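Chain identifiers are assigned alphabetically (A, B, ...) following the order of the sequence lines, protein sequences preceding nucleic acid strands; residue numbering begins at 1 within each chain. Quick caveat, the model's predicted, so the values are computed rather than measured.
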2 protein chains.
Amino acid sequence: MAANPQESLTSAQQELYDWLADYIGTHRHSPSIRQMMQAMGLRSPAPVQSRLRHLQQKGWITWQEGQARTLQLLGDVAASVGIPVLGAVAAGGLVDTFDDVQDHLDLAPVLETRGLFALTVNGDSMVDAHIADGDVVLMEPVTDPQRLRDGTVVSALVAGSGTTLKHFHRQGPTVVLEAANPSYSPIELPADQVQVQGKLVAVWRQV
Amino acid sequence: MAANPQESLTSAQQELYDWLADYIGTHRHSPSIRQMMQAMGLRSPAPVQSRLRHLQQKGWITWQEGQARTLQLLGDVAASVGIPVLGAVAAGGLVDTFDDVQDHLDLAPVLETRGLFALTVNGDSMVDAHIADGDVVLMEPVTDPQRLRDGTVVSALVAGSGTTLKHFHRQGPTVVLEAANPSYSPIELPADQVQVQGKLVAVWRQV
DNA sequence: CATTGAACAATACATTTGTACCCCCTGCCA
DNA sequence: TGGCAGGGGGTACAAATGTATTGTTCAATG
C-alpha cells in the first residue's frame, strides 16, 4: 500500500508502534502495557498510555479498553493481505493495457473488523443489486439500527419468520424491507418485529 | 476441522478447541477463561481450566501461564483467516433463524495463491453475470488458455485495443469474447490476436 | 515571555484474570 | 463394590493489568 491513510507519528510513537508490530508478529498476541514499558526502557506506565492514546487517535491501533492484551494494529505493516490491483478492465469498450500496479486491494482491514460474519445467499431477490444466488455476503453486526442509512442492504430477522437480505427503509414507526427484484413486493412491518442483524460490507463470489 | 497429529479429544474438549479457533480467527487475540466459560454455557471457571489443561497435555494448545490472554493454538488451523458463515439468508422467502456457525469462509487459501491479481471493473457489459461497474474482480493468471473451460470469465488483452472482461469461447481457430449484457455483441477474433491474462476467481464488492 | 503538547516518573486504585481450593455427579472398569 | 477420570458448580485469592492522578521536564511556538 502506498501512503498511509494515518497521520504521521512522533519518533516515540513510531518506536512503540514498530516494537508492537515486531512483538505481535513474533508472539501472536499483544503485550501488556507494562511489557511495553520495559521494552521502551521506561519506569512508569503513563508514557505508554500516552503513546497508545495518540496511536489510537491517529488511527494506527485499536483495542478493547478494560480488557487485557486486546490491542490490534491497523497499519499496513500488520502483515496485511494485499493483492495488487493492476488497473481497470473493461466492459463494453476496451481499456488500455496495464503494466504496473496502480493500487493494492487490502483485505486485512475488512477481515480484522471485529465480529464480522458471513451469510450465504439463498434465492434471487437481490439480483438487481448484483447479489446472486449462492454468493457469500460479508456482514458487519449492527448495534444501532437507528443510524442506518436509508436503503442500506441488511440482514434482518423478522419475528416468527426468519432471516432475509433486503434494502432497509424506515417510514415512521414501520420498517420496509425491499427486495432488489421487481418480482418481490416490499415487506412492511412494525419496527419492533424486525431485528436488524448486520449490514452488508462486501459481496464475495468464489467461482 | 482438519485432522491434527495430536491426541484425540473428548467432545467437551473438542467443543472448546473449535470455539477457540473460531474466536481467535475472528478477533485475532485469545479470549479470557471467563469468556470461554460463558461461551461454553458454564457457570464456573473450573471446567474450563480442566479442559485447557487437557488440551495442553495433548499438545493442542500452549500459553504463558500467569499472563492474560496469551493462549495459542498449535493445530494447523492456527493461521487461517476465518469468518464464520452463520447460515443462509434469504431472498424472496424467509430462511430459518441461525444460531450457530455452519461453516467457515476461509479466505487464506485464495489470498495465498501466488500471482493472484485484481482488476477494477469499468462498465456494465458483465451485469448479467452479476459483475457491476466498480466491482473488483480477483483474477488468477492463466498460462495455458487451451485448458480453459468454455464460458469462463477471463480478462483478455486484444491486440492493439486493450483489456476486457468477458466470457471466453473458442470456435476452432477463432476466439469469441462474449459480454453478459445483450446490449453488447460478441467479439470474434483470430486466436493469435487475443491474449488471455487471467480467469475470474472471485468478485469483491466493498460497500 | 507564556503557552502548549509530548514525554516521563511515581503512585494509587479498580478491574480483569489466572489459579487454587472445596464440593458434587456420572460413567467406566477392575 | 471401590477407584478413577472427566465434567461441572461455587468460591476465594493473588497476580496481572488497565486506568487515573499529580507532578516535572523539555521543545516548539506565538
- prompt: How long is the span from the CE atom in B/Met139 to the CG atom in B/Leu165, to the nearest 0.5 Å?
  reply: 5.5 Å

task: Take nucleotides 23-30 of chain C nucleotide by nucleotide from the 5' end and write B, S or -, depending on whether a protein heavy atom sits under 4.0 Å from the base, only from the sugar-phosphate, or from neither.
output: --------

field: Whole angstrom value for the distance that separates P of C/dA7 from CE of A/Met37
entry: 17 Å

query: Can you check the A/Leu52 CG to C/dA6 C1' distance for me, whole Å?
result: 14 Å

task: Could I get the full list of side chain to side chain contact (heavy atoms under 4.5 Å, CB included) partners for A/Pro173, not counting sequence neighbours?
output: none

statement: Protein heavy-atom contacts under 4.0 Å, written 5' to 3' over nucleotides 3-21 of chain D as B (base), S (sugar-phosphate only) or - (none), form the string ---SSBBBBB---SBBBBB

- request: Mind calculating the distance between NE2 (B/His29) and C1' (C/dT16) to the nearest angstrom?
  value: 13 Å

- prompt: Is the closest side-chain heavy-atom distance between B/Leu52 and B/Met36 below 4.5 Å?
  reply: yes

task: Give every residue pair that meets the salt bridge (charged side-chain N to carboxylate O under 4.0 Å, His left out) criterion with at least one member in residues 39-55 of chain B, sequence neighbours excluded.
output: B/Glu15-B/Arg51

- prompt: Taking only residues two or more places apart in sequence or in another chain, which ones pass salt bridge (Lys or Arg N to Asp or Glu O under 4.0 Å) with A/Glu188?
  reply: none

- request: For B/Ile61 and C/dG18, give me the distance from atom CD1 to atom P, rounded to whole Å.
  value: 12 Å

- prompt: Do the side chain of A/His169 and the main chain of A/Asp150 share a donor and acceptor less than 3.5 angstrom apart?
  reply: no

statement: Taken in chain and number order and not counting sequence neighbours, the residues that satisfy side chain to side chain contact (heavy atoms under 4.5 Å, CB included) with B/Gln35 are A/Gln67, B/Tyr23, B/Pro31, B/Ser32, B/Arg69

message: Please give me the minimum heavy-atom distance between B/Val121 and B/Asp133, naming the atom from each residue.
response: O-OD1, 3.2 Å

